[in-house]
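Below: the structure, in structure tokens.
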Protein chains: 2
Amino acid sequence: MKLTVAQEDYLKAIWKQGHNRRKVNIKRIADELQVASPTVISMFNFLSRAELLQYNKTDGARLTERGEHMARKLIRKHRLIETFLEDVLGLSGPILHREAEKLEHVISDQLMDHIDAHLGFPRTDPHGEEIPALHHPLTKYTLAELENGQRFEVYRIELSSGEKKYCKKYGFKEGSHWNLSEKDPTGSVFLLSDGSHYLALSAGQAERIRVILQTRSEMDRA
Amino acid sequence: MKLTVAQEDYLKAIWKQGHNRRKVNIKRIADELQVASPTVISMFNFLSRAELLQYNKTDGARLTERGEHMARKLIRKHRLIETFLEDVLGLSGPILHREAEKLEHVISDQLMDHIDAHLGFPRTDPHGEEIPALHHPLTKYTLAELENGQRFEVYRIELSSGEKKYCKKYGFKEGSHWNLSEKDPTGSVFLLSDGSHYLALSAGQAERIRVILQTRSEMDRA
DNA sequence: AATAAAAGTTAGATTATTCTAATAAAAAAG
DNA sequence: CTTTTTTATTAGAATAATCTAACTTTTATT
């Protein structure tokens, strides 16, 4: 789905603030983007309907998997463009950001890849900021894809607030470590935590949970 | 004044068709831009109010001085961008046009100048099309700036249709050659044509007529 | 706890760009 | 010179992004 420039700017703003572990509320986005708060509310409504964002007053805004992927791509483009303007055209100063801010919305993924290759796949931009990879490297699995006995860290829970509350009660939250004790024929998963907590999730719920697989070497290291 | 992408696309479309000496009517622009004709009408209304365009059903659309300048700049950007993508990134094929079509609307004049210099001021794009200069080289004078005795070719008449009709009656039209016989203290000009036509224009009218100055050498050549 | 301040929300308006449907005017064809 | 076709135009609606004004809820301060 093709987003407008404004929609992309909101994704970026939300991503940046979420990255700083701040609660992403209406006011902060309104201030950052220099718009009135009702404008932010209507955009949040749009992004929620488009399943790019989850929002409620108490928890603030949180990008969904798709929303975060789009935001990451934009940040990546921004930083690659700045790098390009400096390395290839020899520019510096505020023009880097000014032009990148506009170019990031129109340069295609295909062209961006060419530019990335032309630059030799740089890892940081002219300001020393990291250029994020296209895909978050460690989080390509959902809980539904794991096999019996695999250990994992919870990376992202994308469930309703009711379901989340249930998870929280059992200590199943982002950053916690679990072991897939059993997966039944319907796809339901039974989980065991280090602290001997026990939890069951349906196949549908397991699909909406991203995990970071614990590899053998990581387990050895610990 | 900053134009939107849509507005710029109309200027470009009108410029291209005008350049091919076709009458620029609603239908042709609607077809080129793949929009419905009422859409073109409302955009023509906007561009007319912004003094970038003159339109009437019989003569079709004609860009004003300012409109033409903006269109020229866009075409220039488009062609410079295509050249850049080919020369610097080694790209070819439809991606050149596809990306240039988006980039031309967001790259600043300043960045464009840098790119132009980086490319060594190319004169043609990858398709062999001419990259127009920023300013039309020969038309920097209005009739109001000329001195007694100077010869010129009429380049652009930007008058009301009533005034234009009056000019036409005396053979004063774009492409015709004249001699400034006298300029009175109020700025009114008195003109003499090769075919012995005679015409008087007010100072205000003279300001809205662009001319190509006939230099000594050109006159000698003829 | 009562009040003040801040943040969130709803309602309604505006601008830009587009559409469809209906009508008017001009050009082409018979 | 009437009829048909094409082109232009008006009217009215939709979407995206924004605003202001008014109201509600939450948070902070006394």
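Remember, predicted model here, so these are calculated numbers, not experimental data. All heavy atoms count here, side chains included; hydrogens, waters and symmetry mates do not. Proteins get letters first, then strands, A, B, ... in listed order; numbering begins at 1 in each.
Contact annotation for B/F44: no contact, since no heavy-atom pair falls under 4.0 Å across all strands.
Ring pair B/F84/A/F84 is perpendicular by interplanar angle, where above 60° counts as perpendicular and below 30° as parallel. Classification of the B/Y55-B/F44 ring pair by plane angle, with boundaries at 30° and 60°, yields perpendicular.
Side chains of B/T83 and B/E86: no donor on one and acceptor on the other come within 3.5 Å.
Among residues at least two apart or in separate chains, salt bridge (Lys or Arg N to Asp or Glu O under 4.0 Å) pairs with a member in residues 107-117 of chain A are A/K73-A/D109, A/R76-A/D116, A/K77-A/D109. Within the structure, every pair that satisfies the salt bridge (Lys or Arg N to Asp or Glu O under 4.0 Å) test and touches residues 32-48 of chain B, not counting sequence neighbours, is listed here: B/K16-B/E32.
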Fill in the blank from the handout: With sugar-phosphate taken as primed atoms, P, OP1 and OP2 and all else as base, the protein-contact string of nucleotides 5-16 of chain C at under 4.0 Å (heavy atoms; B, S, -) is --SSBBB----S

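Remark on DNA chain D: of its neighbouring residues A/A36 and A/T58, the 5'-side contact belongs to A/A36, judged by nearest-heavy-atom nucleotide.
Between B/T39 and C/dC19 there is a side-chain polar atom (N or O) within less than 4.0 angstrom of OP1 or OP2.
In this structure, A/L11 atom CG and D/dA17 atom P are separated by 11 Å, rounded to whole Å. Rounded to an integer number of Å, the gap from A/L33 CG to D/dT18 P is 8 Å. As rounded to whole Å, 13 Å separates atom P of C/dT18 from atom CD1 of B/I29. Nucleotide D/dA16 holds its P atom 13 Å from the CG atom of A/L52, rounded to whole Å.
Base pairing of D/dT30 is made with C/dA1, judged by Watson-Crick or G-U wobble geometry with both donor-acceptor distances under 3.5 Å.
Between A/E174 and A/R62, at least one side-chain nitrogen of the basic residue sits less than 4.0 Å from a carboxylate oxygen of the acidic one, meeting the salt-bridge criterion.
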